[in-house]
Each structure stands twice: as C-alpha cells, then as structure tokens.
Colleague: 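Before anything else, here's the structure in question.
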Amino acid sequence: MSGLRSEVIPFRPEDKFVLRSNMKKRLPLFLMIAALCALVSDSELATVEAQKAANAPDSAEQEARIARIENGLLPAVVIKGQPAPTMTVADRMKHYHVPGVSVAFFEQGQIAWTRTYGLADVAAKAPVTPETLFQAASISKPVSALAMLRLVQEGKLNLDEDVNAKLRAWKVPENEFTKEQRVTLRRIVCHSAGLTVHGFPGYASHEEVPTIIQILNGEKPANTAPIRVDTIPGTLWRYSGGGYVVMQLLLTEATGKPFPQILHDLVLQPVAMTHSTYEQPLPKSLAGFAATPYRSGGEPVKGGPHTYPEMAPAGLWTTPSDLARLAIEVQNEYAGKSSKILSQEMMKQMLRRQKDDWGLGFGLQNSGSKLIFGHGGANEGYRCDLEAYAESGQGLAIMTNSDSGGGLATEYLRAVGKEYSWSDFQPTERTVGKADPALFPAYTGTYEITGMGKLTISTKEGKLFILADPLGPDPQELLPESLTQFFVLSGEVTFTFEKDEKGAVSKVRVKAGSQSFEAKKLP
C-alpha cells in the first residue's frame, strides 16, 4: 500500500490495489475506495451472530473490547464537529456486499483473539472459520522477501549484485536505463528497480497458464506486458509486481527448487504457518478450505479463484492467524528474541527505509517505537491487510472474499486502532465549507483520467455528486471545502475543479494522499 505507480492502469475496482491506509506511499487511495451498496441475506447475518458466539474469547474484558470494535467501525473521513457514524460489521458487510471476513488480532507475542463473519461460500451456506483460506494477494511479496533475505543471509544471494549475474534461463534486457545502474534484489523488493508491470490479474480456471519466462517476456498466454526496465534503477519509487517475478525466477534457479517448496522450507514451516501454501492453483486436497471469491456486485468470480503463476508477488494462500504468526516472528526477530527466519541484524535491515516509505518487502510507517510494518493485498475476488507495530507487538490481519472488501477492512482497522488507543489508522477530519450552488452547473459533465477511466459530475437538489466505478454503483455527494475543492466521506480523496485560459471548467484534479491525477473534461 503502496504508493502510486506512474504507469497506466485500468480504472476499475477489481484491479490490484494494496489496501494500506494512512501511508504516504500506498497504492491509489482513490482507486481502492469501493463503497458498493448491496444486500446480505438474513441467513448470512445470522451466521455472523453465530460465529461471534463461537469465537468468543475467555476474557469478559476482551469480549467487551471486541464487541466495541464490531459495533464501532469507523469511516475514512469524519466532519469536524459532528459525531462519527455508528457502523457495525454486519451493516458494513451488507453495505459492501462482502460475504465473508476473517480477523486475527495479536499482541505480546501471541494471537489474542480471532473473529470470523459471514460465508466462505454463499451458495453452499458454508461459514467462514479461522481455518478458511484466502488469497493473500500482494501480502505475498514481503513473505517472499523473507525467503530471499534468508538466502542472502546464507550467502547464496547478494542484495546489491546485478540480478543478471546469477539469472540463467532469462536475463533482464539491458537498455539505456541500465548502462550505469543495475537491477538488484534490494531495489526489487523496495520497488525502485525501474521494472514495469504493476500487478497481475491471474488466470481464470478455463485459461491456459503461462510459464514464468512467458510472463517475463509478455508472450501469450501471458496477459500482462513484458517486464522491462524503463527508468534508471534506484532513482524512482514505483510499485512493481513485475520485479518480484524476476526475483521468483532467481530464487528457483539459485536453489534448484520449486518456488512453493522454497517458501515452505524457509518461511512457512519455521513459523508454523500450517494453513498456508504458495502452490498455484490450490491443490484439490485444500480446495474445500478455500473461500469463494466474489465481485463487488455480489456475484462469484467466474470459475472460482484465479491462478497466479506470479507466485512471489501474488501467490500465497493463507489465513489471518497464519499471517499473525508471521508478523509475530518478524516482531520477535526485530527484538532479537528469535531467529527462525532471519537474524536480528538482517531483520533490522528489512524494516529499515530503503526508498521512500518502503523497507525490504514491507511498507513502513512512523519510526522508532511507533514503527509500523505491513502490506495489503488485492487479487480477483479477495481483499486483505496486515498491519503490525514492530516494538509494541500489536497488530491485525484481516481477509475478505470480495472485490469490495477493502473498504470494510480499513473501517475495521480504524475501529481496532481506536479501541487499542493507536494514534494511527484514524479517520481524517474535514471541515465543510461554503459552496455556491450557482457554480455547480459549470462543474457537471464527464471527465476522463487518461488510461484509467471516467468519472461523472452531476447536480441534484442543489448538491453536487460524483459517479465513478471505484466509488460504487451510486453517485456520492461531493462536500465542499471551498468554492472549487470538494471531498467524499468514503475515502481520503479530494476533487478540485480547474479552469482553462478562457475561464471554463476544463478539468478536475483528484488528489489521494500525496498523489494527484488529472481528469480532463470531455466535450
């Protein structure tokens, strides 16, 4: 999560967006907003209540804390002087049409509590359990980075060596950008290697799956562009799943083992992640544990889970509890209490800023005793997030089986932050300013962000509204901060209308975090 990439990306909610919040360098907050209204059946809500009872912790105090979280989900934005709206898990599952959710909270070196809500499969009425498997999507990246760093620690790889020195079956094509600076593992895992291809859509069950060489070259049946260097390595932060595919090939060639086995041996097994695998597609023996993926409108992903041969950036199947075990091990190694994967020295390096707000695999926030490491994930039909404090030992893993699960995940995270007095992951407070409705007609129309999609501005009863796929199927009100700048309540994003030299409104600037998009008004 992940800052904004500069390459062109599709403007649709099912794209690969990392779900981190309150981070400077995260994937586009505007594009990860998915406030999609739909219905959850009474039987699903009953399942939520049954699971709450089944997962009730032993401690009455802890149970009370969880109840406050479940009944106190928080929005991205609150209006100054007004109380935050009261939102429950059941209500927000209904709002976003998220069939199932699984959560694990950890502190003091152990999983403190878990919660599951709703259904792993709607048609079968199969409830989510703590053992239900979800695709971790881009959370796969820091887990893969751990295995890479283990091989570096063992002297089998070098963080700062040109990857072409050890690659055999394929090498990064050299060009004018690689004359003086090279692609290295360090740069790959902190997204500064200059490599292209942001993310991967995976392959439906009926589609042919390419080899890793076909993916790297962008050759059919690969459905993504060739992975190439198009900026000078080391000069620019830009999220690149493509770089992790290069790393995947290097790890398999350096060890002579299949990638799932490498990750099992070096990371999953040592940490006791017994419900996790990088095998793609998921073996039939485990298929019964997998949550069915769903689209934002509530329909299941056609053919079921997509297959991701791009295992290093997107291939992990896991549970929140297993992600919690991984985060706890990272915390312990950072403190020098364990060394199941890495030494304290290597873990300190992993959680040290390399480029902007990124360490070696994890996104980072804050520093010192408040340091947070984490990553989000978005595969077809799955949204998830992992956030952890390096020193306090607290953290949360949350996984959903819906393209629109990101909004609910961040709302749940904010509620956890409030309950445990975190200063991070809290709503942004905004002030509603004065607006002149007489100006609104000049703002109306269709605007386009080149290569990404369109948004429509309209008026109704003296109010201004925006309609855009990432915001859901219904128009959302634009609330004024000034005569020309507006915001929505569903995300940390602002919209500023700008005029051309003739004085006509010609574009709207969409600002999400530290990033900005220009949407030009269409004739």
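As the structure is a prediction and not an experimental result, all values here were calculated from the model.
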Colleague: Evaluate ring pair (Phe, Tyr, Trp, His ring centres under 6.0 Å) for His191 paired with Tyr244, printing each intermediate quantity in order.
Modeller: CA-CA 9 Å; His191 300 288; Tyr244 275 77; 5.7 Å; yes
Colleague: Locate the shortest heavy-atom distance separating Val98 from Gly405; write the atom from each residue and the value.
Modeller: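 Heavy-atom minimum between the residues: CG2-CA, 3.7 Å.
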Colleague: Between Arg238 and Asp230, does any side-chain N to carboxylate O distance fall below 4.0 Å?
Modeller: yes
Colleague: Report the C-alpha separation of Phe486 and Phe497 in whole Å, then their side-chain angles, then the decisive distance to 0.1 Å, and conclude whether the ring pair (Phe, Tyr, Trp, His ring centres under 6.0 Å) test is met.
Modeller: CA-CA 9 Å; Phe486 297 78; Phe497 294 92; 5.8 Å; yes
Colleague: Parallel, tilted or perpendicular: which describes the rings of Tyr239 and His198, with under 30° parallel and over 60° perpendicular?
Modeller: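 The rings of Tyr239 and His198 sit tilted, inter-plane angle from 30° to 60°.
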Colleague: Working note: Tyr389 + Trp422, criterion ring pair (Phe, Tyr, Trp, His ring centres under 6.0 Å); need CA distance, chi angles, decisive distance, verdict.
Modeller: CA-CA 10 Å; Tyr389 284 88; Trp422 296 350; 5.1 Å; yes
Colleague: Would you call Leu250 and Lys166 a side-chain contact if the rule is heavy atoms closer than 4.5 Å?
Modeller: yes
Colleague: Would you mind checking if Glu174 and Arg228 are paired as a salt bridge, meaning a charged N to carboxylate O distance below 4.0 Å?
Modeller: no
Colleague: Shortest non-hydrogen contact from Arg186 to Asp160?
Modeller: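 Result for this residue pair: NE-OD1, 2.6 Å.
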Colleague: Mark yes when over 12 heavy atoms from residues, nucleotides or ligands other than Glu154 sit less than 6.0 Å from its CD; otherwise mark no.
Modeller: yes
Colleague: Tell me whether the NZ or CZ atom of Lys507 lies within the 45° cone about the ring axis of Tyr447 and under 6.0 Å from its centre.
Modeller: no
Colleague: Nearest 0.5 Å please: distance from the CE atom of Met399 over to the CG atom of Asp322.
Modeller: 9.5 Å
Colleague: Can you see which heavy atom on Leu268 is nearest to which on Ser276, and at what distance?
Modeller: CD1-O, 3.7 Å
Colleague: Any carboxylate oxygen within less than 4.0 angstrom of a Lys/Arg side-chain nitrogen, looking at Asp265 and Lys257?
Modeller: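 Looking at Asp265 and Lys257, the cut-off is met.
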Colleague: Kindly compute the distance separating CD1 (Ile227) from CG (Asn217), expressed to the nearest 0.5 Å.
Modeller: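 So the gap between those two atoms works out to 9.0 Å.
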Colleague: Roughly how far apart are Ile188 CD1 and Leu360 CG, rounded to 0.5 Å?
Modeller: 12.0 Å
Colleague: On a heavy-atom basis, which atom in Gly381 and which in Asp403 lie closest, and how many Å separate them?
Modeller: N-OD1, 2.7 Å
Colleague: Does the separation of the ring centres of Tyr278 and Phe259 fall below 6.0 angstrom?
Modeller: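 Yes, the ring of Tyr278 comes within the 6.0 Å limit of the ring of Phe259, centre to centre.
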Colleague: Using ring pair (Phe, Tyr, Trp, His ring centres under 6.0 Å) as the criterion, list what pairs up with Tyr203, not counting sequence neighbours.
Modeller: none
Colleague: Using every non-hydrogen atom in the two residues, find where Asp385 and His375 come nearest and quote the distance to one decimal.
Modeller: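 Heavy atoms only, the tightest pair is OD1-O, 3.0 Å.
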Colleague: Please enumerate all residues that pass ring pair (Phe, Tyr, Trp, His ring centres under 6.0 Å) together with Phe134, with sequence neighbours excluded.
Modeller: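 Applying ring pair (Phe, Tyr, Trp, His ring centres under 6.0 Å) to Phe134 gives none.
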Colleague: Do side-chain atoms of Glu329 reach the backbone of Lys340 as a donor and acceptor pair under 3.5 angstrom?
Modeller: yes
Colleague: Are any of the side-chain nitrogens in Glu518 or Arg509 under 4.0 Å away from the carboxylate oxygens of its partner?
Modeller: yes
Colleague: Tell me, do Val103 and Val101 make a side-chain contact under 4.5 Å, heavy atoms counted?
Modeller: yes
Colleague: State whether Phe487 and Arg430 meet the cation-pi test: NZ (Lys) or CZ (Arg) under 6.0 Å from the six-membered ring centroid, and within 45° of the perpendicular axis.
Modeller: yes
Colleague: Check this for me: does any side-chain nitrogen of one of Arg182 and Glu161 sit under 4.0 Å from a carboxylate oxygen of the other?
Modeller: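 No salt bridge links Arg182 with Glu161.
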Colleague: What are the two closest non-hydrogen atoms of Leu455 and Ala468, and how far apart are they?
Modeller: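 That closest heavy-atom pairing would be CB-CB, 3.9 Å.
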Colleague: Assess whether side-chain contact (heavy atoms from CB on, under 4.5 Å) is satisfied between Leu413 and Glu387, documenting all intermediate values.
Modeller: CA-CA 9 Å; Leu413 176 63; Glu387 305 290 345; 3.9 Å; yes
